[in-house]
Enquirer: 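Before we start, here is the structure in question, set down as structure tokens.
FYI, side chains are in, hydrogens and waters are out, and symmetry mates aren't considered; it's all heavy atoms of this structure. We name chains A, B, ... by the order of the sequence lines, and we start the count at 1 in each one. Given the structure is predicted, the values throughout are model-derived calculations rather than measurements.
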Amino acid sequence: MAEDKALTPRSEDFSAWYNEVVQRAELTGHSPVRGCMVIRPHGYAIWELVQAALDGMFKETGHENAYFPLFIPESLLKKEAEHVEGFAPETALVTHGGGKVLEEPLVVRPTSEAIIWPIMANWIQSYRDLPMLINQWANVVRWEMRTRPFLRTLEFLWQEGHTAHATEQEAEAETLLILGIYRKFMEDWMAMPPVTGMKTEWDKFAGAVRTYACEALMQDNWALQAGTSHNLGQKFARAFDVKYQTEEGEHEYIWSTSWGVSTRLLGGLVMTHGDDLGVVLPPKLAPIHVVIVPIWKSDAQRTDVLEASARLKGRLEGVRVRLDDRDTLNPGAKYYEWEGKGVPIRVEIGPKDLDRQQVTVVRRFAVDTKKRKLGVAETDAPTVLPKMLDEMQQELLEAAIRRREENSYRGVTDYEEFKRIIATTGGFIFTGYCGAEECEARVKEDTKASVRLIPDEDFASERYPERCICGGKALQEVVWARAY
RNA sequence: CGGGACGUGGCGCAGCCCGGUAGCGCGCCUGAAUGGGGUUCAGGAGGUCGCGGGUUCGAAUCCCGCCGUCCCGACCA
């Protein structure tokens, strides 16, 4: 499918590799619109698995889906001062409709707080209506200067949760619950273990009181902000006049949250696991778990191997199997194609296998390379393959955790050492921090690394240095990295 | 938005300097053989040369303007 036989190796040019690999795997395609991408069927199938898993987790925790309009009257977006300041510069504005100039321009949603809260305000009357836990799956538009497939596009798909609570504590609990769900999803499904924590004051969501985030380390040791959960306090409630009546008959503003993950996750998936052959998919998010490649030389063999292939396919319950019986491609060509797309397991069935009553099983990756290719008795395959998929999922996670730990540097105090790490290996650098925005700005200027977050108790060091890397007194610990 | 490069069949490119009516590789279609790591041979289809204007007998090629893409920077939950 692809024009060149080999991908640019990751070690040579990670960015070029990334662009090539998403094309090679047919995850994305070019569009005639600047900065917008096409998500092709294989990419969209992965997104559907992401959606299904997250949607289930949201519903288990009491959330319901709804859908709100794409367009936001400009006046509504302007109601929350910080929010508009943050988003106005990157919005698309519809000024004409039906051939006429609109009386009021419509903003194409960059996020939906400004359209959701005026509507939800009417849904909420009483304390009995709370908490109100709403999610929507939608597309949003942000007019970014520079775009990259999945990582930053003008239009992207995401989910955005919006919840209303009676108390500040409940809103904070919700914000943290979702952060936990995101983390669990990234670990258990994506095998992309993030570091979690809180954003600095100046890096939080426009209009939030606190922003929590998941930051995952990619193979080039740059960080990817993979999900955010915001405690909005009463800022939006006040801006959009969202009140409820308490048991005592008083009128109070609600406390709200919002949270989201997007198709950017797919970029993270590629950059976390991909190799120089293409994408590597964790089995839980692989649209195809097992591809069967039949091999034959004569028509008689063709009949036999196709029959054996169909038999195996029928016995693999709960496994997503694809039988690649195209006779226009050589087996080798098929291997490359499916490896590029990240299919976890390939099963080859040829005359030699039939003779031995076995199938040849080839794993897309293997920590123990001796296990990459094995003969498995045909009768055992239906039990061996599902087990193998579970192992692969686990191995990917373990490898990613190992990589994150190996590339995390703790207790760094010397700025020269900090600069050296950023300039050579990169990774997460945990340091003491004075808390000054100017301090981060200077480091950013010097090294392009930024404060990713203030790590939560699961990631914080036992003791962090007393001094910030600027030499000032450290008030807290932060994690630095170069970021996408 | 500043600096640089580039827009030519689906993809990647050559041709442009020195104007004469478009070519290569991959992919695609047909047929045959092949088939355990990107198969081979033969035949074939496919192009408003980014858009608009100008110069010229004649423009992919020269000139002007616009649009777009990529890289660096600025910007970026």
Enquirer: Classify A/Pro294 by what it touches in the nucleic acid, base, sugar-phosphate, or nothing, heavy-atom distance under 4.0 Å.
Expert: nothing
Enquirer: To the nearest Å, give me how far apart CG (A/Asp327) and P (B/U30) are.
Expert: 11 Å
Enquirer: Please determine whether a side-chain nitrogen of the Lys or Arg among A/Glu215 and A/Arg404 lies less than 4.0 Å from a carboxylate oxygen of the Asp or Glu.
Expert: no
Enquirer: Without decimals, in angstroms, what is the distance between A/Leu7 CG and B/C26 P?
Expert: 19 Å
Enquirer: The side chain of A/Arg372 lies closest to which of these nucleotides: B/G37, B/U39, B/C76?
Expert: B/G37
Enquirer: For A/Gln357, I'd like to know if atom CD has over 12 heavy atoms of other residues, nucleotides or ligands within 6.0 Å.
Expert: no
Enquirer: For the pair made of CZ in A/Arg148 and C1' in B/C71, what is the distance, rounded to whole Å?
Expert: 12 Å
Enquirer: Given the ring of A/Tyr335, does A/Arg346 sit roughly above its face, with NZ or CZ under 6.0 Å from the centre of the six-membered ring and within 45° of the axis?
Expert: yes
Enquirer: Using a cut-off of less than 4.0 Å, is there contact between a side-chain N or O of A/Lys448 and OP1 or OP2 of B/G73?
Expert: yes
Enquirer: Does a donor on one side chain sit under 3.5 Å from an acceptor on the other, for A/Arg482 and A/Asn221?
Expert: no
Enquirer: Does A/Asn330 make a side-chain N or O approach to OP1 or OP2 of B/G35 shorter than 4.0 Å?
Expert: no
Enquirer: Does any donor-acceptor pair link the side chain of A/Glu339 with the base of B/G37 at a separation under 3.5 Å?
Expert: yes
Enquirer: Looking only at the side chain of A/Glu144 (C-beta and beyond, no hydrogens), which of the listed nucleotides B/G35, B/G36, B/C76 gets closest?
Expert: B/C76
Enquirer: What nucleic acid atoms does A/Trp202 come within less than 4.0 Å of, heavy atoms only: base, sugar-phosphate, or nothing?
Expert: nothing
Enquirer: Return the value, rounded to whole Å, for the distance between atom CG of A/Leu354 and atom P of B/G35.
Expert: 16 Å
Enquirer: Where the side chain of A/Asn19 is defined as all heavy atoms beyond and including C-beta, which of B/C71, B/G37, B/G35 is the nearest nucleotide?
Expert: B/C71
Enquirer: Less than 3.5 Å between a donor and an acceptor, one on the side chain of A/Asp353 and one on the base of B/G36, is that the case here?
Expert: yes
Enquirer: Ignoring hydrogens and geometry beyond distance, is the side chain of A/Arg346 in donor-acceptor contact with the base of B/G37 at under 3.5 Å?
Expert: yes
Enquirer: Write down the distance between CZ (A/Arg24) and P (B/G27), rounded to a whole number of angstrom.
Expert: 12 Å
Enquirer: So for atom CH2, which belongs to A/Trp143, do other residues, nucleotides or ligands contribute more than 12 heavy atoms lying within a distance under 6.0 Å?
Expert: no
